[in-house]
Amino acid sequence: MRILALGDIIAPAAVDFLASHLWAYRRREQIDMVVANGENASFLSGIGAKDAEKLLLGGVDVLTGGNHSLQSKSVFSLHEEEERVLRPINYPADVPGRGYTIVDAGGVRVLVMNAMGTALIEPVLDNPIPYIRRALAREAGAYDVALLDLHAEATGEKLAVAHIFDGSFSAVFGTHTHVPTADTQILPKGTGYVTDLGATAPTGGILGVKTEVICTRAEQKLAASYQVAQGPVRAEGVLFDIDPEQNRCTALRRVALTEA
């Protein structure tokens, strides 16, 4: 089977772009399933119900999250009600939402898990490794393919987690930095890996934000309201070819969807 993982969706323009183009791309590339990080879909306030609905109808099967997932109380009900919208599994157990889900993709049971790193990122959560290990043990036998979105800043942390769980997941892909990395690889026990998928965002700024805003904050150290970058949307990600009988990655490659 073929699975597409897309980097952090930033702002409604990116939501609309995917809603308009993703199904056609899925058909062209014979993609069986799409996972996308949606924590910034409503622009730095998590993902709202309307944006989530657009994306889920528009071709995304599961939306993962990160440090912005629960930033606004307005999204709490969505996380409680929609099993295909995730937040990191290592949030405290009593906060809204869930850290993994199992979906059917053409008869293949796919477990999608979301975890967050602990280095150079806030809020600082517990070490994700025990949470991941317990969830895999809890769902043993209930899935055929397993995927992990590791939302983290530190590259070494992402690589360490991937190697610890090499062979347990078909694919481990990093999100959060909004910058695509060039280290696509298959680890020794068959897990497809990339440190960061990149972003699905308007181009022309810095990490999806207007250039002048980021430069002002960097130079003057003064607060400045974030504003969405202008320019055509570019969706960055990785295509994983998976053997569902073995829960292994057989091939992977970087892809990008752009506006005409």
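- Side chain of E259 to main chain of V233: a donor-acceptor pair is present (N/O by atom type, distance under 3.5 Å, no hydrogens or angles).
- Taking 4.5 Å as the limit, some side-chain heavy atom of Y25 sits within range of a side-chain heavy atom of V255.
- Between R26 and D61 there is a salt bridge, with a side-chain nitrogen of the basic residue lying less than 4.0 Å from a carboxylate oxygen of the acidic one.
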- Task: Determine, stepwise, if the pair I132 / L148 fulfils side-chain contact (heavy atoms from CB on, under 4.5 Å).
- Result: CA-CA 9 Å; I132 297 169; L148 175 64; 4.0 Å; yes
- Task: Please lay out, stage by stage, how E236 and L197 fare under the test side-chain contact (heavy atoms from CB on, under 4.5 Å).
- Result: CA-CA 6 Å; E236 299 165 333; L197 294 170; over 6 Å; no
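- Hydrophobic clustering keeps Y143 apart from V112 (ILVMFWY residues linked when any side-chain heavy atoms are closer than 4.5 Å, directly or through intermediates).
- Cluster membership for V161 and L159, using ILVMFWY side-chain heavy atoms within less than 4.5 angstrom, is shared.
- Side-chain atoms of T200 come within 3.5 Å of backbone atoms of G7 as a donor-acceptor pair (strictly under, hydrogens ignored).
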- Output, in order, the C-alpha distance, side-chain angles, deciding distance and verdict of side-chain hydrogen bond (donor to acceptor under 3.5 Å, both in side chains) for D126 and Y131. CA-CA 9 Å; D126 290 343; Y131 289 79; 2.5 Å; yes
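- Between A235 and L6, the shortest heavy-atom distance links the atoms CB-CD2, 4.4 Å.
- For the atom pair CZ of F169 and OG1 of T191, the computed distance is 8.5 Å after rounding to the nearest 0.5 Å.
- When side chains are defined from C-beta on, I3 counts as touching L147, because their heavy atoms get closer than 4.5 Å.
- For the pair V238/T184, a side-chain contact is recorded, criterion being any heavy-atom separation below 4.5 Å from C-beta on.
- The side-chain heavy atoms of Y91 and L70, taken from C-beta on, include a pair separated by under 4.5 Å.
- No side-chain donor-acceptor contact under 3.5 Å links R87 to the backbone of G66.
- Formation of a donor-acceptor pair under 3.5 Å by the D104 side chain with backbone atoms of G107 is found in this model.
- When all heavy atoms of S42 and D51 are compared, the closest pair comes out as OG-OD2, 2.7 Å.
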- Message: Under the criterion side-chain contact (heavy atoms from CB on, under 4.5 Å), I'd like the reasoning laid out for M1 against F240: C-alpha separation, chi angles, the key distance, then a yes or no.
- Response: CA-CA 8 Å; M1 68 183 305; F240 296 89; over 6 Å; no
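- The shortest side-chain heavy-atom distance between F173 and N37 does not fall under the 4.5 Å cut-off.
- When all heavy atoms of P88 and A115 are compared, the pair lying nearest together is CB-C, 4.0 Å.
- Considering only heavy atoms from C-beta on, V103 stays 4.5 Å or farther from E83 through its side chain.
- Atoms CD1 and OG, on I47 and S74 in that order, are 11.5 Å from each other to the nearest 0.5 Å.
- Between the side chain of R217 and the main chain of A224, a donor-acceptor pair closer than 3.5 Å is present.
- Looking at V110 and I102, their side chains never come closer than 4.5 Å, going by heavy atoms from C-beta outward.
- Minimum interatomic distance between E39 and H176 (heavy atoms only, all atoms of both residues): OE2-ND1, 4.4 Å.
- Panel note: side chain R84, backbone T101; no donor-acceptor pair is recorded below 3.5 Å.
- Among L56, L55, L57, the single residue meeting the side chain to side chain contact (heavy atoms under 4.5 Å, CB included) criterion with E53 is L57.
- Counting only distance, with no hydrogens or angles, the side chain of Q185 and the backbone of Y193 share no donor-acceptor pair below 3.5 Å.
- To the nearest 0.5 Å, the span separating CG on L4 from CG on L239 amounts to 5.0 Å.
- Transitive grouping of hydrophobic side chains (ILVMFWY, heavy atoms separated by less than 4.5 Å) brings L252 and V35 into a common cluster.
- Considering only heavy atoms from C-beta on, I89 comes within 4.5 Å of Y100 through its side chain.
- When all heavy atoms of H79 and L86 are compared, the pair lying nearest together is CE1-O, 3.6 Å.
- By the rule that hydrophobic residues join a cluster once side-chain heavy atoms approach within less than 4.5 Å of another member, L257 and V60 end up as members of one cluster.
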- Task: For E245 and D144, run side-chain contact (heavy atoms from CB on, under 4.5 Å): C-alpha distance rounded to whole Å, both residues' side-chain angles, the deciding distance at 0.1 Å, then the answer.
- Result: CA-CA 7 Å; E245 293 186 2; D144 305 303; over 6 Å; no
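- When atom types are taken as modelled, the side chain of D32 and the backbone of R2 share a donor-acceptor pair closer than 3.5 angstrom.
- In this structure, CZ on F43 lies 9.5 Å from NE2 on H68, to the nearest 0.5 angstrom.
- Hydrophobic clustering (side-chain heavy atoms under 4.5 Å, transitive across Ile, Leu, Val, Met, Phe, Trp, Tyr) keeps L120 apart from V124.
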- Message: I'd like to know whether E157 forms a side-chain hydrogen bond (donor to acceptor under 3.5 Å, both in side chains) with T118, so could you lay out the CA-CA distance, the side-chain angles of the two residues, the decisive distance to 0.1 Å, and finally the verdict.
- Response: CA-CA 8 Å; E157 184 175 28; T118 60; 3.0 Å; yes
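- When atom types are taken as modelled, the side chain of K158 and the backbone of V194 share no donor-acceptor pair closer than 3.5 angstrom.
- The line from NZ of K189 to CZ of F165 is 11.5 Å long, rounded to the nearest 0.5 Å.
- D149 places no side-chain N or O within 3.5 Å of a backbone atom of T64 that could act as its donor or acceptor partner.
- Here CG of L187 is found 11.0 Å from CZ of R248. Values are rounded to the nearest 0.5 Å.
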- Message: Applying side-chain hydrogen bond (donor to acceptor under 3.5 Å, both in side chains) to D241 and T250, what does each step give before you reach the verdict?
- Response: CA-CA 6 Å; D241 288 335; T250 58; 5.0 Å; no
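- Summarising the local packing, CD of Q220 is surrounded by more than 12 heavy atoms from other residues, nucleotides or ligands at distances under 6.0 Å.
- Heavy atoms only, all atoms of each residue included: D196 and V179 are closest at CB-O, 3.3 Å.
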